[in-house]
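In what follows, a single structure is set out as structure tokens and then discussed.
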Amino acid sequence: MNDTLFSDKQVTSACNLHVDNLRRLITWGAVTPAQAGGGRGRVRQWTARQALRVSVTAQFVEVGFSLQMAHTLTYCLPLDDLLYAYDPVIIRTVLKSDRDEGALRLKAMISRRGKYYWPGKRYMGSEVIIVDRQFVYADVLGDCPTLLAVIDLERQRVYPSFSPLQFVFGAGMAEDHNLPKIIDAQKISRNSLLIDDEHLTEDRPHRPLPIIPQDLDSQLLSLDTLVCRNFIAINLAVGLTACVRKLLNLPLHYIPMQEGYDEN
């Protein structure tokens, strides 16, 4: 199963990330291209899965986080399972016969004639909420937004709920389709992450995060009752969908998601 590879220009354009920031990530060991550049016109290239990771980092950058903090927060979200669902190679080969609503949307997402590819609110990754720029909640495990990271604003370090070096089941892609449990964090430099080593072990159990204010809980059941100075909302599912369409050089039409899907 050969991945289609993409150039720096394709990746940065799809992710809305300046090429200088991609180069900084490379320098830190935060990303490693599938094919190194240099020498006789050899162009640096990336897999779609790598581009999707960069897209998440870019979405955190867009809301005001520094590049390294954005990269760190990307790896505090358990995305290893979920990213399978957005990989065009997986969609074409593994989901080709699936006809459930989610699979039809994903197949429309990679089709030139696909129309209803935008995710609805019930799709995983639709809600990433950062409360007071300190408490990071997300629904990437399929439940209501759950506290997955706490940012120590003074130290500029992050406490993750799950070690990035652990595979966490979420979307059901690995389990349902017998896919390998790829752990992306094992392929990057630990020094690129603003996370203390004690939180970066492969066998670390899920642990409670540092004490949070009484007004907050480990899950956000409703934003209507949230007491905070500010919160940032990111729709990763929309950002990942747009990234895939741009990578594949497909048109983006801002048509709301509907119950019907084009299957081609």
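Nothing here was measured: the structure is a model prediction, and the numbers come from that model.
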Practice item. Walk me through it: do I183 and Q166 pass the test side-chain contact (heavy atoms from CB on, under 4.5 Å)? Key: CA-CA 7 Å; I183 301 175; Q166 291 177 305; 5.7 Å; no
Check: [X] side chain, [Y] main-chain N or O, donor-acceptor pair, under 3.5 Å:
X    : Y    : value
T146 : C144 : yes
Y123 : V238 : no
T72  : Q68  : yes
Q50  : T32  : yes
Y75  : S163 : no
S111 : K107 : no
R245 : L250 : no
D139 : G142 : no
T74  : T57  : yes
H177 : L179 : no

Could you tell me if the side chain of [Y] sits less than 4.5 Å from the side chain of [X], heavy atoms only?
X    : Y    : value
L252 : T241 : no
V31  : I188 : no
L141 : V168 : yes
I232 : I129 : no
V158 : D152 : no
K181 : F169 : yes
S66  : F60  : no
V54  : W46  : no

Within 6.0 angstrom of [X] [atom1], more than 12 heavy atoms from elsewhere:
X    : atom1 : value
N230 : CG    : yes
N178 : CG    : no
R155 : CZ    : yes

Working to the nearest 0.5 angstrom, can you tell me the gap between [X] [atom1] and [Y] [atom2]?
X    : Y    : atom1 : atom2 : answer
H71  : S192 : NE2   : OG    : 3.0 Å
D132 : L153 : CG    : CG    : 9.0 Å
I130 : I151 : CD1   : CD1   : 7.5 Å
S218 : F135 : OG    : CZ    : 13.0 Å
N16  : H18  : CG    : NE2   : 12.5 Å
L67  : N21  : CG    : CG    : 4.5 Å

**Study point:** Check against side-chain contact (heavy atoms from CB on, under 4.5 Å), L82 and M124
**Key:** CA-CA 8 Å; L82 180 61; M124 284 185 289; 4.2 Å; yes
Practice item. Just do the side-chain contact (heavy atoms from CB on, under 4.5 Å) check on E127 and K121 with the steps written out, would you? Key: CA-CA 8 Å; E127 292 186 294; K121 289 290 289 182; 3.5 Å; yes
Point to revise | salt bridge (charged side-chain N to carboxylate O under 4.0 Å, His left out) contacts in which one or both residues fall within residues 53-73, not counting sequence neighbours | key: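 For residues 53-73, and leaving out neighbouring residues, the salt bridge (charged side-chain N to carboxylate O under 4.0 Å, His left out) pairs sorted by first residue read R53-D80, R53-D184.
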Point to revise | Selection residues 156-176 - residue pairs positive for salt bridge (charged side-chain N to carboxylate O under 4.0 Å, His left out), sequence neighbours left out | key: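 For residues 156-176: R157-D196.
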**Study point:** For F65, all residues meeting ring-ring contact (aromatic ring centres under 6.0 Å, His included), sequence neighbours excluded
**Key:**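 Per chain and number, F65 pairs via ring-ring contact (aromatic ring centres under 6.0 Å, His included) with no residue.
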Taking a hydrophobic cluster as the set of Ile, Leu, Val, Met, Phe, Trp and Tyr residues connected by side-chain heavy atoms closer than 4.5 Å, whether directly or through intermediates, do [X] and [Y] fall within one such cluster?
X    : Y    : value
Y254 : L247 : yes
F6   : I26  : yes
V19  : V56  : no
Y86  : L248 : yes
L148 : F167 : no

Closest non-hydrogen atom pair, [X] against [Y]:
X    : Y    : value
Y137 : L147 : CD2-N, 3.3 Å
P164 : I195 : CG-CD1, 4.0 Å
V89  : T4   : CG2-N, 4.3 Å
A171 : D81  : N-OD2, 3.3 Å
I90  : M173 : CG2-CE, 3.8 Å
C76  : A149 : CB-CB, 3.9 Å

Check your understanding: Would you call R44 and D8 a salt bridge, taking side-chain N to carboxylate O under 4.0 Å as the test?
Key ->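 The answer is yes: the pair qualifies as a salt bridge.
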Exercise for review: Check the pair H253, Y117 against side-chain contact (heavy atoms from CB on, under 4.5 Å), reporting the backbone distance first and the verdict last.
Suggested key: CA-CA 9 Å; H253 300 295; Y117 43 78; 3.7 Å; yes
